[in-house]
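Below, read A as the first sequence line, B as the second, and so on, with proteins coming before strands; counting in each chain starts at 1.
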Amino acid sequence: MAGTTWEQVAGVTPAALYRTVRLIRRFEERAIELVRSGDIVGGIHPYIGQEAIAAGVCAALRPDDLITSTHRGHGHVLAKGADPARMMAELTGRVTGLNRGRGGSMHAADLSLGVLGANGIVGAGGAIAAGAAWAASRLGPPRVAVSFFGDGAVNQGVLLEAFNLAALWRVPVVFVCENNGYATTLTVADAVAGGICDRAAAFGIPAVSVDGMDPQTVLEAAAPLVAAARAGCGPQFLECHTYRFDAHHTWEHKARPRYRSAEAVAAGRSRDPVDIQGARLDAADRLAVDNEIERVIAEAVAFALISAAPSPVDATEHLYATGLRPRPGAS
Amino acid sequence: MAGTTWEQVAGVTPAALYRTVRLIRRFEERAIELVRSGDIVGGIHPYIGQEAIAAGVCAALRPDDLITSTHRGHGHVLAKGADPARMMAELTGRVTGLNRGRGGSMHAADLSLGVLGANGIVGAGGAIAAGAAWAASRLGPPRVAVSFFGDGAVNQGVLLEAFNLAALWRVPVVFVCENNGYATTLTVADAVAGGICDRAAAFGIPAVSVDGMDPQTVLEAAAPLVAAARAGCGPQFLECHTYRFDAHHTWEHKARPRYRSAEAVAAGRSRDPVDIQGARLDAADRLAVDNEIERVIAEAVAFALISAAPSPVDATEHLYATGLRPRPGAS
Amino acid sequence: MTILSYLKALGRALGDEMARDERVCVLGEDVRVGVSNVTNGLLDRFGPDRVLDTPLSEQAFTSFATGAALLGMRPVVEFQIPSLLFLTFEQIANQAHKFSLMTGGQARVPVTFLVPGSGSRLGWAGQHSDHPYSLFAHVGVKTCVPATPSDAYGLLASAIRDDDPVIVFAPAGALGLRADLVLSSLAPVPLGVGRVARPGSDVTVVAVGHHVTDALAVADDLRGDVSVEVFDPRTVYPFDWAGLAASLERTGRLVVIDDSNRMCGLGAEIVATASEEMRLVAPPRRVSRPDGTVLPFAEALDRALQPNRAQLTAAIQAVVKD
Amino acid sequence: MTILSYLKALGRALGDEMARDERVCVLGEDVRVGVSNVTNGLLDRFGPDRVLDTPLSEQAFTSFATGAALLGMRPVVEFQIPSLLFLTFEQIANQAHKFSLMTGGQARVPVTFLVPGSGSRLGWAGQHSDHPYSLFAHVGVKTCVPATPSDAYGLLASAIRDDDPVIVFAPAGALGLRADLVLSSLAPVPLGVGRVARPGSDVTVVAVGHHVTDALAVADDLRGDVSVEVFDPRTVYPFDWAGLAASLERTGRLVVIDDSNRMCGLGAEIVATASEEMRLVAPPRRVSRPDGTVLPFAEALDRALQPNRAQLTAAIQAVVKD
Ligand SMILES: Cc1ncc(C[n+]2csc(CCOP(=O)(O)OP(=O)(O)O)c2C)c(N)n1
Ligand SMILES: Cc1ncc(C[n+]2csc(CCOP(=O)(O)OP(=O)(O)O)c2C)c(N)n1
Ligand SMILES: [Mg+2]
Ligand SMILES: [Mg+2]
């Protein structure tokens, strides 16, 4: 297990981790611009500031491992290996999107990469991840599932029930709580009685809390938990302390609800995961990554915007896996 | 607070506690006979063996305090002061019943006594009790609510959510878990990861575990928790270890599912709350109580069986508090 | 006269009811900041004891409200997403709704559930675009879908004063509406009483929520050719059957436009009851979402599955031809 | 020939499908002991990895099954009480049902939800007597309500083999039925295909679940006076509209007996669709539960709110008179 850990961590170069956080950051910045330009309808929940968690945790996973994501899911989906172009095409509602334009930001999924989907319902992913990991490991060699969720999700009954099921049945799932201090406008202090790790620990789940702003730290914390889950030690829990740099959702850019002072936001943004990891590369290498990412993002946006939107006549396609077509709403 | 405790406990004589457990025991024994005779339709979940918990906890409450009960609720409702005759009339579906024959065993309620009802859904009472205690204390002097539930309920999401809400808002509610070792046929070991008290403690709720077979022990454990809740210290948690002497539900008397060995049941029944408390009375006093209870139960059954059943024409009465009558199912 | 938006009308109803009755309180996510733009300002006016920000524990705070209502409070629970009603279906349909009957009339549960922004919010995709009022009509929970700012005010006020649980759906498609009205004219609108939004003689169009605006527009386009009566039930359960029957006495023809899924939706009930009991000289028609609709993300697909004016126009023309 | 009970037919279907496909597993409360009398013996045959006793965490084990289905398992989830479907409404209607569309067809969720003993179980009162299949028809989850032992076998088998979520309601009123049949004749019954349980020429009675038995009995009583065709849809969603239309071509008259609440129930959809699209020479009628029904405990009240043979007889006689 220690071996696995070491190998897992060592297998990931600082440049690789940097590339991931930089990719997510630039993807989100461009996505916000596309929200402003109206190319992304409905807005997004930006992941900016929390990139270290997706990057660090997914670096500890194997290609066939599984994840469930959240409403703030772009980072997870990209870190698990999704094609940024098809991801951007999904956000802009194109047939070339990961979900053929049916899902959008809150449901982006790539089952071929073990990405079981972002989810619009807070806390919904935990039980799905547990069932998926259980099934995968029953049908073949153990595959670990990571369920990402926010601090708000630890107050959702179904997630707490999932902790119990996973612990009882020793399911290879790692629960990753991204504690960014807020559920929309509500602080953790006003929302969570007791400690977040204590909540997981009460179900007999080993729980650790780490600095979620440093990709390397997150990777080093995640790798042994993933290895332990894979080795049959049952579910593991990782709390990552982080900060949401931008809006809860892009509607905030217009509505501007007051719940975080300018000073608090400035303080929260003072430690930037992209810079923290970037500082570990020498200038030339960092620049090379940055340039490559600019290309990738530019190509992603171009691909998305030239792709076709799905045709209204196909609006009920995929409603049923069996191809059943529902009766129309008007004859 | 210590004062309150002392006074509370001292105010309850051993005879009073014995009377309650004996009342519940005999009520249940007669109710089982009425199930056999067909006078109670649908069967019941007998409380036999667990009487010490309802008796001890309710003895620590004031008349205007509140409780929510469970599918196995007869003991709680009686211990909070419900009229055994109207309770028996409810179980036999009579207009004179506590709920006018509309609720039956699983929904028996007496709001005038603060009994917010037995509930057919496991774990549903906790949040209702919390809201009721919050409201009562907002509209007047603090009133404590006790929410009774079984070991199976600690795996219900809504109950865990209720722990969090009650703790956050310092609601005067006492959560009482009746751990009888089984949820129907599933053992606690196979159902609950971690410890039951640890689960409550994780939400910052003071939690204690006691012998639930001794009414005096339960009372002495409950009184300070009730006093603490009333004093504004927020929710409290009490786990009572007990044993279900009879069937999960009277259908077991016919179906006889195999999940507890005869030896195990015999061992579990070896400590009887009625005898434990009865031994604290001298023979004459105990006999006096027993005779009185026989009268009470005989009168209750007689009252129930001579009472009228509700008329079918009133089947939708009380569906809406405003008196709205729904359209019939056939014209 | 003042210009009042639908959203402001909801907020005004809340504020007026809270001022009128101190047992009225509001619970929900981000209600203090007022993220839904309904509860803004209530915290300053009524304080934190009556405006409670809840953690993401919809099931518990829904039953918490039920428990508070059992003790005499009149809580208003705000849900940020229509599908949170799925998450709390047990607490609403199996607990709050059933307490009165199960206790033989001992209990009353005066709780109001408010969903600002029900139905499609373009671009919010499959889990944020449901319009499940027919589910609650089926289980028998009182349910309103106001179409105008003054009905938004009046129905929410009545819901809060009602002694039973009531759900108020405020369709995303109606939130932006504005009305020019005299504030002093705002008053409770009785539950279960519809209104003729426009009188006509050839066909009755029953339109629900934001589709009332569509029905009025279509009626306008068709004036001259077809005289369309627009009937807005306002409350979907209990439904104003007498009002509908009176309209069909006049027109004898029926079209329903309803943002429910077709199968077992409100439109089905209206068509069924009219067919069984009322005057119909031609087969009725529905304009609804398809069966089992999940709204896809892409804008063109989302729009394609919502009832629209073209479909309504076609249905009206077909019905008057028959 | 063998006598097979409805309950045993369900258990047999489960056992046969588990033997046929090792991806099929069963989860639920007390399924190892087999408290519902459906899963008895499966533990011994298939072992604890495929027969899982769950804690009282319906929401989590429902989504656990969805997750397992996403990875290729075909879980069968048993619920002890119909209203547990209220508790898991989010997990079924908002997650399992929506995955295929939301992922653009990447995901399939072959999970089966089985409710042995749906509807009234005399004496179980308000929270244990619901019959909510119309709710799932409305949201678009495939839903069956078998009326006979062989359909119980065949529809459960098809549900397990189907690549979408399917709910199977086994009405308490049907569990005791027995059929004399050749075991080798048991086979999957396709979803969405109804059957004419009895041919007739004057009126079509659509009967759901245990009411098929009532409809056949009433048809027998009325024979001579009225020739009643009994149509059993078997699957309530997707509904066999072609089968119904064919029957109405023959009879032109319609009565529906359905254990749903009246408002927005399955009966409403059948009456509405027939009125819009099919041949009807007289106004149709429904026999159902009242609006918003909560079944009271007392036996006489419980029975009074369930559809019965007298109501069906009266409805048939009224419809043939019109
Ligand atoms: C069950 C549920 N309740 C409410 C919402 C509306 N909502 C979306 S995100 C959010 C806050 C989530 O907070 P957290 O879990 O901390 O994640 P974060 O947004 O901070 O990343 C809320 C209330 C939802 N999507 N699901
Ligand atoms: C939410 C829910 N799930 C399942 C059931 C069916 N059921 C009734 S009692 C019971 C077991 C409850 O066990 P526990 O909470 O320990 O209480 P006990 O019966 O031991 O007193 C079950 C599974 C139910 N009523 N509610
Ligand atoms: Mg957060
Ligand atoms: Mg128990």
Would you check if the distance from the ring center of C:His97 to the ring center of C:Phe136 is below 6.0 Å?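 So the answer is no for these two rings.
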Query - B:Phe163 ring center within less than 6.0 Å of B:Phe175 ring center - result: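 So the answer is yes for these two rings.
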Which atoms of [X] approach chain C - backbone, side chain, both or neither, heavy atom under 4.5 Å:
X        : value
B:Leu319 : both
B:Leu116 : both
B:Leu160 : neither
B:Ala315 : backbone
B:Val171 : side chain
B:Asn119 : side chain
B:Leu159 : neither
B:Leu165 : side chain

May I ask you to name which of [options] has the most heavy-atom pairs under 4.5 Å with chain C?
options                      : result
B:Leu139, B:Ile128, B:Ile121 : B:Ile128
B:Ala109, B:Gly101, B:Gly97  : B:Ala109
B:Ala321, B:Ala145, B:Ala135 : B:Ala321

Exercise for review: Please state whether the rings of C:Phe169 and C:Tyr133 are parallel, tilted or perpendicular, taking 30° and 60° as the class boundaries.
Suggested key: perpendicular
So which of [options] has the biggest tally of heavy-atom pairs under 4.5 Å with chain B?
options                               : value
C:Thr103, C:Asp162, C:Asp163, C:Leu70 : C:Thr103
C:Pro75, C:Gly140, C:Gly67, C:Pro238  : C:Gly67
C:Arg23, C:Glu277, C:Lys98, C:Glu269  : C:Glu269

Would you mind checking which part of [X] comes under 4.5 Å of any heavy atom in chain B, side chain (CB onward), backbone (N, CA, C, O), both or neither?
X        : result
C:Phe61  : both
C:Thr88  : neither
C:Glu276 : neither
C:Asn94  : side chain
C:Gln95  : side chain
C:Ala65  : neither

So does C:Asp21 pair up with C:Arg161, basic N to acidic O under 4.0 Å?
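The answer is no: the pair does not qualify as a salt bridge.
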For this session: Could you tell me whether B:Arg143 and B:Asp65 make a salt bridge, using a distance below 4.0 angstrom between a side-chain N and a carboxylate O?
Result: no
For this session: Test B:Asn99 against B:Arg86 for side chain to side chain donor-acceptor pair (under 3.5 Å), laying out the working first.
Result: CA-CA 9 Å; B:Asn99 306 32; B:Arg86 295 191 57 215; over 6 Å; no
* **Check against side chain to side chain donor-acceptor pair (under 3.5 Å), B:Ser137 and B:Arg230** => CA-CA 9 Å; B:Ser137 307; B:Arg230 199 183 309 280; over 6 Å; no
Stepwise, does the salt bridge (charged side-chain N to carboxylate O under 4.0 Å, His left out) test hold for B:Arg102 with B:Glu317? CA-CA 10 Å; B:Arg102 269 59 176 189; B:Glu317 198 186 355; 3.5 Å; yes
Just by distance, with hydrogens left out, do C:Ser36 and C:Gln80 show a side-chain donor and acceptor under 3.5 Å apart?
no
ask   = Going by atom types alone, do B:Thr68 and B:Ser147 pair a side-chain donor with an acceptor below 3.5 Å?
value = yes
Margin query: Quick check against the 3.5 Å criterion: does C:Glu29 have a side-chain atom that pairs as donor or acceptor with the backbone of C:Thr54?
Written below: no
Between B:Ser105 and the options B:His74, B:His71, B:His45, the side chain to side chain donor-acceptor pair (under 3.5 Å) test singles out B:His74
